[in-house]
Amino acid sequence: MIVSLNWLSDLLGRDLAADDVAERLAMLGAPVEGREELRPQLDGVVVGLVERAEKHPNADRLTLCQVNNGREVVEVVCGAPVVKPGAKYPYAPEGTVLPGGLRLEARKIRGVVSHGMLCSARELELGTEHEGIMEIRTDAPPGTRLLDAFPLEDTRLELEVTANRPDLLCHKGVARELSVVYGVPVKLPAIPNAPRGDGGAPRRVKQTGAVGGVDVSIEDVEGCPRYMAAVIRGVQIGPSPTWLEARLRAIGARPINNVVDATNYVLYELNQPLHAFDLATVRGNKIVVRRAAPGEQMTTLDGETRELTPEMTMICDGEGPTAIGGVMGGATSEVSEGTTDVLLECAYFDPPRIRQTRQALKMTTEASYRFERGTDYEAMPDALRRAVQLIRAVAGGAEPEPPIDVYPKPFKARTVVLRPERVAHVLGMPVTREEIERILVGLGFPVAPKGAKLHVQVPGWRPDVTREIDLIEEVARVRGYDTFPTELLPFRTSVVPDDPIEPLRAAIRRVMTGMGLHEARSLSLTGAGGEGAWRVLNPLSAEDAYLRADLLAGLVRSAERNWAVRERDIRLFETGRVFHDVGEARPREMQRLAGVISGERMPPHWTAQGKSPDYDVWDVKAMFEEAVRVAGPEGVVVEADGGWELVDGDGARHGWAGALAADRPPWAAQLYGFEVEVEVRDRPHPLHQPLPTTPPVERDIALVLPEGVSAVAVEEVMGEAGGALLVATRVFDEYRGDEMVGRSVAWRLVFRAPDRTLRDREADEALDAVLTALKERLGVERRQA
Amino acid sequence: MPQTPAHQEQLDAVAHAVDRASRADAATLAQLKTEILGRKAGTLTLILRSLAGLPSEERRAIGARANQLKRALEEAIAQRELALQQEARAPKALDWTMPSRPVWRGAVHPVNAVTDEICEVFRTLGFTRVTGPEAETEDYNFTKLNIGLDHPAADEHDTFYLGPGVLLRTHTSPMQARVMEQYQPPIRIVVPGRVYRRDAFDPSHSPVFEQIEGLAVDEGISFVDFKAAIDTFVKLFFSRDTAVRFRPSFFPFTEPSAEVDAQCQMCRGSGCSTCKQTGWLEIMGAGMVHPAVFENCGIDPERYTGYAFGMGVERIAMLRHGIPDIRLLWENDMRLLSQFSE
Ligand SMILES: [Zn+2]
């Protein structure tokens, strides 16, 4: 919502300072988001009166004007299509510097010297119109400083108005807020040249009535609970007077013509959208407010043909729709230059219905924006009276007959009961009854004490106030949030237990960063569908059409992005949710942990000639095992196609690791990755194992493993055959040679007796048992030296 | 005739020299060599030479000891000489300014680091940490939170839909309702998690972002408690001297509602480009829990009161680290992430 500081100042009858207004509005809940100083640099520009205008002797499209600048009459060449003798225009004499920086000099145009220029609004940066020069209607004599003749200096404030406060969408509403903090009343400024007589009090009817020979009736009472209309005859359409145009321009609205400008003025002053129909286009002298018929169509003001539905409230004449109620007028019924008689509509439309309508039509107008948030149905007669006065002041017209007020089921005044002790209870600080009353009355809420309670009447402009807490907020808001202390008081501890997933994720981060991996965050929306992926019904683009079903795909893309910026060393992990379609109403959400690595295993160092071996499958296997250990479900890591997987007792797969396919530049190293399901389960604190007190005996053996015999199988047999004395086995070498069948793998076996020093002979016996078992069960023999 | 006691004394002196050799400098070593091992007049040489004139029993005893001491001294001198050589060479051989052998250092993502830190601060204020579903229902995301879909307030939640009445949560607030339905107060929780809005990417918007919700419900919790908790959080998270400002605002699920501003950390409130010259940075939306939300969740609004808050984590991380564009937080660029190692 854009407001003019001048306009607010007029309503409050005092000069307001922009800084102070901005600060106070922020602390009342309507912060100023933008601020623009309207300070046109027009020092040299004066009011010029065109005394004579004739065609330029040497150019058809130029006009030669005799301009009275207050001191003398000078000759000015003008390129505008129309220059009216007797009219006043902004005149910039030689030597003036225009806002754009152009310095005017006397110069010859097609053989005639032009002394200065007549200016368009655009040349003065007062507007965008550049078609013609800017005519000024003013009583000021020629030579008057333009800024003195024309109120152009103002401050434009852009307010952020929350969805619950339609009353702040107009100057009166904003002024009302300020009036409480400044302690001054709000008074509507007088309308210059307002005629006497306002047509008298409206005539209230139940369902149908007539005004100015037009029958007005409401059939869609739900969509339009109240409809008022006035008929003004004998108006003359033309440009608005300067003060009105300036006021609209100050808030960034474009002047159109006097009647439309008048309705817009009332809109921005009182938040009551009005619609002016050209009475001549109202067919059958009839206005009917009804639901649209299914399939009905209509061409709106913007030239579009719109498909209508029964949820829309239509304003119809004797033959059909002329406007979409509360949203937009029709193309045919608009006020235009030839209009003499005007039917002025002032209505209240049901907010949810307006919302449905504008959503269906995909258009928002100044009117629909306000009706959707709720306008003041109580203030309609005042708004209509002010609009009639204003139209007659700026466009003429005879005194109209009293407006018609079709109001089938008048709304009941809303009363909310407020308990002063509840105010103290919620706010944590006593607020006196007097202060509560002062604040509420100041905001326009009449207060009537009923015993210990207050009966508070809600004014029509505050549709957001429906219960006690709303009034408590008003008290806190106007009193000022900063008047409440910030003292920390005792509190009871939460009964809600911590979600164990969060400490688990923290443990994952410690383990993964400890291995040198950086934590990644990938979008959970992805363009990659695939089996089990859940589709988003209304994605922004194909890039976010699915919920991610795994983490690795995102990490592979991250690796590719790193390669694209020539980063060769990639170490990333991520822990987060994936989503699977399991045939239920909602996707199943599961926590996962994944990682990718590529490039150097260690940072290169000069002691190794700046070279470090690249990561290989054994690195990713280690990371996978770490991931499984810290976060995975119970299971074993087994060999699987091109890598490993984690399988549980039922053979179900819960994780995978191995080499990854990726869009890899030739200089990049192989990419490896792993992904494992994260399972919250009891991970008991480790129990202390007594440290050994006896020395170990170690034996290194090289074994020949025939094709098909795995290291795990060998270690399994070792474990069984080695008995209690064998406490550890560790592979320390592998050799494959052309001269041998299979491969040679070397192990170190560690033997120890917990209670005594093991003798060599005992260790050798245990080793023999191991070797015998290996030979018998796996055909594995000791390698001959 | 040499006397046996004299031999003993000399041999004791040699034993002492063995001990001295292990600590001696180069000059002393040379002196010891000449004095004791010298071929012409070395003490040991003379002793050994004189053995011939002794009775055989004595000759064996003294000879054995002399030879043993000779070996010990020779070894001690050799070891000490080697050590002195190494000592002399070492400082010259190493340039101690050469770079050390580095290790890969992993970093926690700045958004997650900030999330953890915020939750930890609230833990000191008695808040436990819970999580909730990202795929939510309209009921929890809107209706129970007093957000009418027929009210313009719903327009601020541009929503991704997953199915009829099922959506990606637009805020972490649905967990307020889920927790209140499950537990009776006292409730104090924070809820970190991803939320979704149908906003196109720009420097400050992302369709997916991290939010932290907070909720405190108990008997007698007031606006003063609310202000105090938030004020304490800001001071613990940013710094003790950070000013905090509460401005009235509107959220359908809180009343009174507030926007919370923290004093700009860049300019300390004097105005800069980060705070758009205001001196303040908006850090969260908050307020007292609306009685309608209590009613929707089966909690007696007359007996219980409470407050709730919600904040965007990316924004706070960006402010803290001076990150200019939210998209950088999604790129997983190694060069960026490595800047956040602990
Ligand atoms: Zn700043």
Side-chain angles (χ1 to χ4, degrees), chain A residues 26-29 162-164 352 355 372-373 426-429 469 473 476-477 481 484-489 491-499 501-502 509 512-513 515-521 523-525 534 536-538 540 544 558 561-562 567 570-572 577 585-587 589 603 605, chain B residues 98-99 101-102 104-109 111-112 126-131 133-135 150 152-153 160-163 166 179 183 186-189 194 198 200 207-208 218 222-225 227-228 231-232 246-250 255-256 258 288 290-291 305 329-335 337-338:
Chain A
M27 298 315 277
L28 284 164
T162 52
N164 60 328
R355 181 169 168 79
E372 184 181 342
R373 281 158 176 73
V426 172
L427 299 182
M429 206 178 119
I469 192 69
E473 180 177 58
R477 192 174 67 85
Y481 283 4
F484 294 85
T486 54
E487 178 194 352
L488 200 56
L489 302 170
F491 51 83
R492 298 201 287 175
T493 48
S494 186
V495 297
V496 186
D498 279 300
D499 185 335
I501 190 68
E502 295 293 284
R509 287 192 187 109
M512 291 294 143
T513 56
M515 291 192 296
L517 273 62
H518 291 324
E519 188 179 22
R521 277 173 66 89
L523 290 171
S524 11
L525 295 168
W534 190 288
V536 177
L537 293 185
N538 57 338
L540 280 168
D544 54 23
S558 295
R561 261 201 299 275
N562 276 288
E567 275 294 302
I570 293 160
R571 304 175 313 280
L572 294 170
R577 290 191 199 175
R586 288 195 275 162
E589 300 178 29
H605 192 242
Chain B
M98 287 290 274
R101 183 177 291 115
W104 290 139
R105 221 179 303 133
V108 173
H109 195 283
V111 169
N112 294 339
F127 287 74
T128 48
R129 180 168 172 175
V130 300
T131 63
E134 291 173 28
D150 63 352
F160 286 111
Y161 274 87
L162 300 178
V166 177
V179 167
Y183 298 94
I187 292 169
R188 291 171 88 84
I189 51 157
R194 290 186 176 201
R198 258 182 111 257
V208 186
D218 202 353
S222 73
F223 192 71
V224 169
D225 294 282
K227 276 192 70 178
D231 186 75
T232 306
F246 294 77
R247 285 184 287 109
S249 189
F250 168 64
E255 185 152 25
M288 300 298 288
H290 198 290
T305 45
L329 294 171
W330 291 112
E331 282 175 358
N332 299 331
D333 189 318
M334 292 293 293
R335 299 167 303 173
L337 295 176
S338 61

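For the numbers below, each heavy atom of this structure counts, side chains included, while hydrogens, waters and symmetry mates do not. Numbers restart at 1 for each chain; the letters A, B, ... are given by sequence-line order, proteins then strands. The shown structure was predicted, so the numbers you read here are calculated from the model rather than taken from an experiment.
- To the nearest 0.5 angstrom, Ser249(B) atom OG is 11.0 Å from Arg477(A) atom CZ.
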Could you walk me through whether Trp330(B) and Arg521(A) satisfy the side chain to side chain contact (heavy atoms under 4.5 Å, CB included) test, starting with their C-alpha distance in whole Å, then the side-chain angles of each, then the deciding distance to 0.1 Å, before giving a yes or no? CA-CA 6 Å; Trp330(B) 291 112; Arg521(A) 277 173 66 89; 3.8 Å; yes

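- Residues passing the side-chain hydrogen bond (donor to acceptor under 3.5 Å, both in side chains) test with Arg492(A) are Asp218(B), sequence neighbours excluded.
- If you measure heavy-atom distances from Leu540(A) to chain B, the contacts under 4.5 Å come from both the backbone and the side chain.
- Considering all non-hydrogen atoms of both residues, Val208(B) and Ser524(A) come closest at CG1-OG, 3.8 Å.
- When all heavy atoms are compared, the tightest approach of Val426(A) to Met288(B) is O-CE, 3.9 Å.
- At least one side-chain heavy atom of Phe160(B) sits less than 4.5 Å from a side-chain heavy atom of Asn538(A).
- Using a 4.5 Å cut-off between heavy atoms, Leu427(A) touches chain B through backbone and side chain atoms alike.
- Of all non-hydrogen atoms in Pro485(A) and Val224(B), the two that sit nearest each other are O-CG1, 3.8 Å.
- The shortest side-chain heavy-atom distance between Leu572(A) and Leu337(B) falls under the 4.5 Å cut-off.
- Put simply, the side chain of His605(A) gets close to the backbone of Pro99(B): a donor and an acceptor are under 3.5 Å apart.
- Taking chain A as the reference chain and counting heavy-atom pairs below 4.5 Å, the highest number among Ile187(B), Val179(B), Val108(B), Asp231(B) is found for Val108(B).
- Under the 3.5 Å distance criterion, with hydrogens and angles disregarded, no donor-acceptor pair is assigned to the side chains of Asn332(B) and Arg561(A).
- Looking at Arg577(A), only its side chain comes within 4.5 Å of chain B, counting heavy atoms on both sides.
- Per-residue heavy-atom pair counts under 4.5 Å with chain A were compared for Arg194(B), Met98(B), Arg247(B), His290(B), and the maximum is reached by Arg194(B).
- In this structure, Arg105(B) places its CZ atom where only 12 or fewer heavy-atom neighbours from other residues, nucleotides or ligands lie under 6.0 Å away.
- Of the listed residues (Pro291(B), Pro152(B), Ser222(B)), the greatest number of heavy-atom pairs within a distance under 4.5 Å of chain A belongs to Pro152(B).
- Of the residues considered (Glu589(A), Arg571(A), Glu487(A), Met27(A)), Arg571(A) shows the highest number of contacts with chain B, using heavy-atom pairs under 4.5 Å.
- For the set Ile501(A), Ile570(A), Asp544(A), Asn164(A), the count of heavy-atom pairs under 4.5 angstrom toward chain B peaks at Asn164(A).
- For Thr232(B), the part lying under 4.5 angstrom from a heavy atom of chain A is the side chain only.
- Contact record, Tyr481(A) with Pro256(B): OH-CB, 3.3 Å, taken as the closest heavy-atom pair.
- Of all non-hydrogen atoms in Ala585(A) and Val166(B), the two that sit nearest each other are O-CG2, 3.7 Å.
- For Tyr183(B), the part sitting under 4.5 Å from any heavy atom of chain A is the side chain, from C-beta outward, and nothing else.
- Side-chain contact between Ser494(A) and Phe127(B): absent, with no pair of heavy atoms (C-beta onward) separated by less than 4.5 Å.
- A donor-acceptor pair under 3.5 Å is absent between the side-chain atoms of Glu567(A) and the main chain of Arg335(B), judged by distance alone.
- If you measure heavy-atom distances from Asn562(A) to chain B, the contacts under 4.5 Å come from the side chain alone.
- Thr305(B) touches chain A through its side chain: at least one heavy atom from C-beta onward sits under 4.5 Å away, while N, CA, C and O do not.
- Within the 4.5 Å cutoff, the side chain of Pro497(A) has no heavy atoms near those of the Thr128(B) side chain.
- For Glu372(A), the parts lying near chain B are the backbone and the side chain together; criterion is any non-hydrogen pair under 4.5 Å.
- Shown here for Val130(B) and Asp499(A), the closest heavy-atom pair between the two residues is CA-CB, 3.8 Å.
- No other option in Pro133(B), Ala258(B), Ala200(B), Gly163(B) has as many heavy-atom pairs under 4.5 Å with chain A as Pro133(B).
- The shortest distance between side-chain heavy atoms of Phe491(A) and Asp225(B) does not fall below 4.5 Å.
- Heavy-atom pairs under 4.5 Å with chain B were tallied for Thr162(A), Leu517(A), Ile469(A); the largest tally goes to Ile469(A).
- No donor-acceptor pair closer than 3.5 Å links the side chain of Glu502(A) to the backbone N or O of Arg129(B).
- The candidate from Thr493(A), Leu525(A), Val495(A) with the greatest count of non-hydrogen atom pairs under 4.5 Å with chain B is Val495(A).
- Judged by distance alone, with hydrogens and angles left aside, the side-chain atoms of Arg586(A) form a donor-acceptor pair with the main-chain N or O of Ala135(B) at under 3.5 Å.
- Between Leu162(B) and Val536(A) there is a side-chain heavy-atom pair separated by less than 4.5 Å.
- Within the 3.5 Å criterion, the main-chain N or O of Ala107(B) finds a donor-acceptor partner in the side chain of His518(A).
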